[in-house]
Number of protein chains: 2
Amino acid sequence: MTKNFNFIEKLRETGLRPTKQRVKICEVLFNRDKTFHFTINDLVKKISEELNEKISLATVYNTVHALQKKGYLKEISINSDKSYFDTNTTVHHHFYDEDTHQLIDCDENEIENVNVKNNITGKKINSVEVLVRVASDNQNQN
Amino acid sequence: MTKNFNFIEKLRETGLRPTKQRVKICEVLFNRDKTFHFTINDLVKKISEELNEKISLATVYNTVHALQKKGYLKEISINSDKSYFDTNTTVHHHFYDEDTHQLIDCDENEIENVNVKNNITGKKINSVEVLVRVASDNQNQN
DNA sequence: TCAACAGTTTAGAATAATTATAATTTATAA
DNA sequence: TTATAAATTATAATTATTCTAAACTGTTGA
C-alpha cells in the first residue's frame, strides 16, 4: 500500500519539488518497517528491483543528498570507500558487521549514555556516536 | 635525532623488509611527539616537505597499508571521500572538528567507558569507538 | 488553460582516490 | 656474490562521486 501523497507533501514542505524520481526514491527509502541502511549502489539496485525503473545515477546522488540536507537521511562513515546512508536520522549508535559489511542500528537501551567530560574549547558538540565493530569469532588471523 | 635503527628493527620484527622507502615513511610517521592523523595526501606532502624526497604514490599506499596490517597504523573513518590514518593504534575515541576537518584524539579520561549491553548473537566485539563531532558555535544554518 | 521560467533529470565527461599491472630494482639468504 | 623473492615505480585501470550542458518537467500567474 503505497502512500505517495505522504512523500509529495513531505517533499513539498521542505521545499523539494516532488518530481516523479524523487517520489519514487522516497517510496523505496521510506516505505519500510525497519531502518534502511544503504549505499548509493544498494539504492540504485533496489530501485531497479522494486520499481523496475531506471533512474539516472546522477539523479540518485542529487536526490539522496537533497534528502540528507533536508534531514530525511543521515550519512554514516564506516569505511572510506563508500558512503552509507541511514533512514534513521536521530543521533544513535551502530553495530558494524565486518564480515558482511552490514550496518545495524543499536537499540536505545543497548548502549548507556556516553559521557563526554571535556570538550574542545570554543566548540560545541554536534553529535556523539558509537560504532561497535563486530565479527564472527573465528576468522581473526592475519 | 633520527633513530632509523629503531624502525629497521621494528619493521624486521614484523616481517616487513626495511626498505629505504619504508624506513623513511616510518621516520615521518613515528618521529613525532604527538599522535599523527593523516590522509595519504598529507603524508605524501610531509614526505616531500620534511625529507625532500619523492616516494611513488603506489609505494606510499602499499607501505601505509602494510603498516596498518601489521598494527602500526589504524584507519579511521570520518567522511567517505578520504581515508584517515592514526599513529595511535590503541582503541580510543576522537573529536572531529567539522570546521577544520581536524581529527583530535580524546584523552582516556575524557570519555567514560562505553557500556555495550547487548551484542549481535554469534559475533564478537572488535572495538567500541566514539566519535564526537564538534563545530564552532555560530555557523549552523542551512 | 497555457506560456514561461526555474528547477530537475539525464547521459556522459571529468575528477579524485585508490588499486592493479608489469617492468625494473633491491634486500637478503645461501 | 648471486639468485630469488619481495618491493618500488610509472602508468594504466578502476571505482565512487561530481560536473556539465542539453532536454525536460513542475509550478506559477496571466
Side-chain angles (χ1 to χ4, degrees), chain A residues 4-5 7-28 37-48 51 53-70 72-73 75-85 101 103 142, chain B residues 4-5 7-28 37-48 51 53-70 72-73 75-85 101:
Chain A
N4 291 349
F5 301 109
F7 301 130
I8 290 177
E9 267 325 299
K10 263 196 163 159
L11 287 168
R12 222 189 283 279
E13 271 165 28
T14 48
L16 287 177
R17 222 143 79 167
T19 61
K20 220 172 22 184
Q21 291 84 346
R22 283 182 179 162
V23 173
K24 283 191 171 137
I25 289 173
C26 284
E27 272 183 57
V28 173
H37 296 112
F38 63 96
T39 63
I40 296 289
N41 233 301
D42 297 336
L43 181 53
V44 169
K45 218 180 291 170
K46 279 256 193 268
I47 290 167
S48 70
L51 301 187
E53 300 241 7
K54 197 204 166 302
I55 297 179
S56 130
L57 237 198
T59 301
V60 177
Y61 271 99
N62 288 342
T63 303
V64 165
H65 287 140
L67 291 173
Q68 187 220 47
K69 197 166 281 176
K70 293 298 182 180
Y72 286 134
L73 291 175
E75 192 170 2
I76 296 184
S77 299
I78 276 92
N79 45 91
S80 30
D81 54 330
K82 261 171 204 152
S83 263
Y84 283 74
F85 291 88
H101 303 284
L103 195 58
N142 208 44
Chain B
N4 292 350
F5 301 109
F7 300 129
I8 290 176
E9 268 323 300
K10 263 196 164 161
L11 287 169
R12 222 188 284 278
E13 272 165 27
T14 49
L16 287 177
R17 223 142 80 164
T19 61
K20 221 175 16 186
Q21 291 83 346
R22 283 181 178 165
V23 173
K24 283 189 172 139
I25 289 173
C26 284
E27 274 183 56
V28 173
H37 295 115
F38 63 95
T39 64
I40 296 290
N41 233 300
D42 297 336
L43 181 54
V44 168
K45 218 180 292 171
K46 279 256 193 271
I47 291 167
S48 70
L51 301 186
E53 299 240 8
K54 196 206 166 300
I55 297 180
S56 130
L57 237 198
T59 300
V60 177
Y61 271 99
N62 287 342
T63 302
V64 165
H65 286 140
L67 292 173
Q68 187 219 49
K69 197 166 282 177
K70 293 298 181 181
Y72 287 134
L73 290 176
E75 192 171 2
I76 296 184
S77 300
I78 277 90
N79 46 89
S80 31
D81 55 329
K82 261 174 203 150
S83 263
Y84 283 74
F85 291 88
H101 303 283

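If you're wondering where the values come from, they're calculated on a predicted model, not measured in any experiment. Values below: every heavy atom of this structure, side chains too, minus hydrogens, waters and symmetry copies. Note on naming: letters A, B, ... go to the chains in the order of the sequence lines (proteins, then strands), and numbering restarts at 1 for each one.
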List the atom of Leu11(B), the atom of Tyr72(B), and the distance in Å for their closest heavy-atom pair. N-OH, 4.3 Å
Any [X] side-chain heavy atom under 4.5 Å of [Y] side chain:
X	Y	answer
Ile76(A)	Phe85(A)	no
Thr63(A)	Cys26(A)	no
Leu73(A)	Phe38(A)	yes
Glu27(A)	Phe7(A)	yes
Arg12(B)	Leu16(B)	no

Measure the distance from [atom1] on [X] to [atom2] on [N] and round it to the nearest whole Å.
X	N	atom1	atom2	value
Gln68(B)	dT19(C)	CD	C1'	15 Å
Glu53(B)	dT9(D)	CD	C1'	14 Å
Lys24(A)	dG26(D)	NZ	P	11 Å
Tyr84(B)	dA17(C)	OH	C1'	13 Å
Leu11(B)	dT8(D)	CG	P	10 Å

May I ask you to verify if any side-chain N or O of His65(B) is less than 4.0 angstrom from the OP1 or OP2 atom of dT19(C)? yes
May I ask you to evaluate whether Lys54(A) reaches the phosphate of dA11(C), defined as a side-chain N or O under 4.0 Å from OP1 or OP2? yes
Side chains of residues 17-25 of chain A: which donor-acceptor pairs under 3.5 Å do they make with residues two or more places apart or in other chains?
from: Thr19(A); atom 1: OG1; to: Arg22(A); atom 2: N; distance (Å): 3.3
from: Arg22(A); atom 1: NH1; to: Arg17(A); atom 2: O; distance (Å): 3.0
from: Lys24(A); atom 1: NZ; to: Glu53(A); atom 2: OE2; distance (Å): 2.7

What residues from residues 55-64 of chain B pass a heavy-atom cutoff of under 4.0 Å to DNA chain C? Leu57(B), Ala58(B), Tyr61(B)
List, with names and distances, any nitrogen or oxygen atoms from the protein found under 3.5 Å away from nitrogen or oxygen atoms belonging to nucleotides 24-30 of chain C.
from: dT28(C); atom 1: OP1; to: Arg12(B); atom 2: NH1; distance (Å): 2.7

Please work out which residues in residues 38-46 of chain B have a non-hydrogen atom less than 4.0 Å from an atom of DNA chain D and list them by number. none
Going by the side-chain hydrogen bond (donor to acceptor under 3.5 Å, both in side chains) test, which pairs reach into residues 39-48 of chain B, not counting sequence neighbours? Thr39(B)-Asp42(B)
For Tyr61(B), all residues meeting side-chain contact (heavy atoms from CB on, under 4.5 Å), sequence neighbours excluded: Ile40(B), Leu57(B), His65(B)
